[in-house]
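We're numbering straight along the sequence, starting at 1.
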Amino acid sequence: MHPDLESILFTQEQLGARVKEIAARLDADYKGKNPLLVCILKGSVFFYTDLLRAMREPVEMDFMSISSYGASANSSGEVRLLKDLGCKIEGRDVVIVEDIVDAGYTLSYLKRLLLSRGPASVRICALLDKLERRVVPVDVDYKGFDCADEFVVGYGLDYAERYRTLPYIGILKRSVYEK
């Protein structure tokens, strides 16, 4: 375990097993539909990659980058679109793949934005869901795990661009981010 962590919340094995379960649900729900799976950069990259590799049905890929955190440990509530989709989504089934749903600002904004472009559907797939922190209502259609109100890192999740490459998700020690 990394020395900056208090404990490991989800092991590499738990993550792998849950990703396969979510992939099987997506395969069943989108059989023959060729959905567009949208990775929200940067935090979702590992989850997204593992999810797509576990799926058997054909999908298309695209990426967006959105921020409501900056260098802070808490969401500012102000959402900024940093990178938009590279394709049109009118009439398409779209699945947003996110690392964590916290306050809900980012995904609420993103879902409204994408719905305004006329897709057939927009669903949300999130690895972690912090219901305790929700400020804006967001429905998560495909969820990996409920997550306690802890600062978590690893498997794409970061603090100040660190810890993303840890193969598990751990709870960051308060002393690291309350400096």
Engineer: Kindly indicate, with the supporting measurements, whether the criterion salt bridge (Lys or Arg N to Asp or Glu O under 4.0 Å) is fulfilled by Glu60 and Arg92.
Structural biologist: CA-CA 11 Å; Glu60 289 185 30; Arg92 301 284 314 269; 3.4 Å; yes
Engineer: Taking everything shown except Lys83 itself, do over 12 heavy atoms lie less than 6.0 Å from its NZ?
Structural biologist: yes
Engineer: Under a 3.5 Å cutoff, is there a donor and acceptor pairing between the side chains of Tyr163 and Asp4?
Structural biologist: yes
Engineer: Is any side-chain heavy atom of Ile96 less than 4.5 Å from a side-chain heavy atom of Ile40?
Structural biologist: yes
Engineer: With side chain to side chain contact (heavy atoms under 4.5 Å, CB included) as the test, would you mind laying out the steps for Leu157 and Ile100 before giving the verdict?
Structural biologist: CA-CA 8 Å; Leu157 297 153; Ile100 189 166; 3.7 Å; yes
Engineer: Any heavy-atom pair between the side chains of Lys111 and Tyr109 that's under 4.5 Å?
Structural biologist: no
Engineer: So how far is it from Cys147 SG to Glu132 CD, rounded to the nearest 0.5 Å?
Structural biologist: 9.0 Å
Engineer: Taking the side chain as every heavy atom from C-beta outward, state whether Ile66 and Leu82 have any atom pair closer than 4.5 Å.
Structural biologist: no
Engineer: Between Asp27 and Arg56, is there a salt bridge with N-O shorter than 4.0 Å?
Structural biologist: no
Engineer: Mind checking whether Val94 and Asp62 have side chains closer than 4.5 Å, heavy atoms only?
Structural biologist: no
Engineer: Looking at Leu41, is its backbone amide N or carbonyl O close enough to the side chain of Ser44 to form a donor-acceptor pair, meaning the two atoms are under 3.5 Å apart?
Structural biologist: no
Engineer: Step by step, work out the side chain to side chain donor-acceptor pair (under 3.5 Å) result for Ser108 and Arg112.
Structural biologist: CA-CA 6 Å; Ser108 175; Arg112 281 193 320 273; 2.8 Å; yes
Engineer: Is Glu57 reaching over with its side chain to a backbone N or O of Gly32, donor-acceptor style, under 3.5 angstrom?
Structural biologist: yes
Engineer: Report the residue from Asp129, Ile124, Leu128 that forms a side-chain contact (heavy atoms from CB on, under 4.5 Å) with Lys143.
Structural biologist: Asp129
Engineer: Minimum heavy-atom separation for Val101 to Arg134, with atom names?
Structural biologist: CG1-NH1, 3.2 Å
Engineer: Looking at Ile89 and Leu85, what are the two nearest heavy atoms and their distance?
Structural biologist: CG2-CD1, 3.6 Å
Engineer: Charged N to carboxylate O below 4.0 Å: is that the case for Arg174 and Glu6?
Structural biologist: no
Engineer: For the backbone of Thr11 and the side chain of Gln14, can you confirm whether one donor and one acceptor N or O come within less than 3.5 Å of each other?
Structural biologist: yes
Engineer: Is Glu161 salt-bridged to Lys42, cutoff N-O under 4.0 Å?
Structural biologist: yes
Engineer: Do the non-hydrogen side-chain atoms of Phe46 and Leu127 ever get within less than 4.5 Å of each other?
Structural biologist: no
Engineer: Are Leu166 and Leu5 close enough, and set up right, to give a side chain to side chain contact (heavy atoms under 4.5 Å, CB included), and what steps lead you there?
Structural biologist: CA-CA 11 Å; Leu166 296 174; Leu5 298 184; 4.0 Å; yes
Engineer: Could you check if a side-chain atom of Glu98 sits within less than 4.5 angstrom of a side-chain atom of Leu107, using non-hydrogen atoms only?
Structural biologist: yes
Engineer: Would you mind reporting whether Asp141 and Cys125 have side-chain heavy atoms less than 4.5 Å apart?
Structural biologist: no
Engineer: Rounded to the nearest 0.5 Å, how far does CD of Glu150 lie from CD1 of Ile169?
Structural biologist: 13.0 Å
Engineer: What closest approach, in Å, do Phe47 and Ala126 show between heavy atoms, and which atom pair accounts for it?
Structural biologist: CE2-C, 4.0 Å
Engineer: Do Arg133 side-chain atoms and Ala103 backbone N/O form a donor-acceptor pair below 3.5 Å?
Structural biologist: no
Engineer: I need the minimum non-hydrogen distance between Met64 and Leu113, along with the two atoms involved.
Structural biologist: CE-CD2, 4.1 Å
Engineer: Give a yes-or-no answer on whether the side chains of Asp99 and Tyr48 include a donor-acceptor pair shorter than 3.5 Å.
Structural biologist: no
Engineer: Between Tyr168 and Tyr155 (judged by ring centroids, cut-off 6.0 Å), do the two rings come close enough to count as a pair?
Structural biologist: no
Engineer: Following the transitive rule for hydrophobic clusters with a side-chain heavy-atom cut-off under 4.5 Å over Ile, Leu, Val, Met, Phe, Trp and Tyr, establish whether Val152 and Leu131 coincide in one cluster.
Structural biologist: no
Engineer: Classify the ring geometry of Tyr30 against Tyr142: parallel below 30°, tilted from 30° to 60°, perpendicular beyond 60°.
Structural biologist: tilted
Engineer: Look at Asp139 together with Arg123 and state whether they make a salt bridge at an N to O cut-off of under 4.0 Å.
Structural biologist: no
Engineer: Determine the minimum heavy-atom distance between Asp93 and Ser121, stating which atoms define it.
Structural biologist: OD1-OG, 2.6 Å
Engineer: Between Lys173 and Pro3 (side chain of the first, backbone of the second, donor and acceptor by atom type, cut-off under 3.5 Å), is there such a pair?
Structural biologist: yes
Engineer: Do Leu51 and Ile22 come within less than 4.5 Å of each other through their side chains, counting heavy atoms only?
Structural biologist: yes
Engineer: Taking all heavy atoms of Asp158 and all of Val153, pick out the closest pair and write down the distance.
Structural biologist: C-CG1, 3.9 Å
Engineer: For the CZ atom of Arg162 and the CG atom of Leu172, what is their distance to the nearest 0.5 Å?
Structural biologist: 8.5 Å
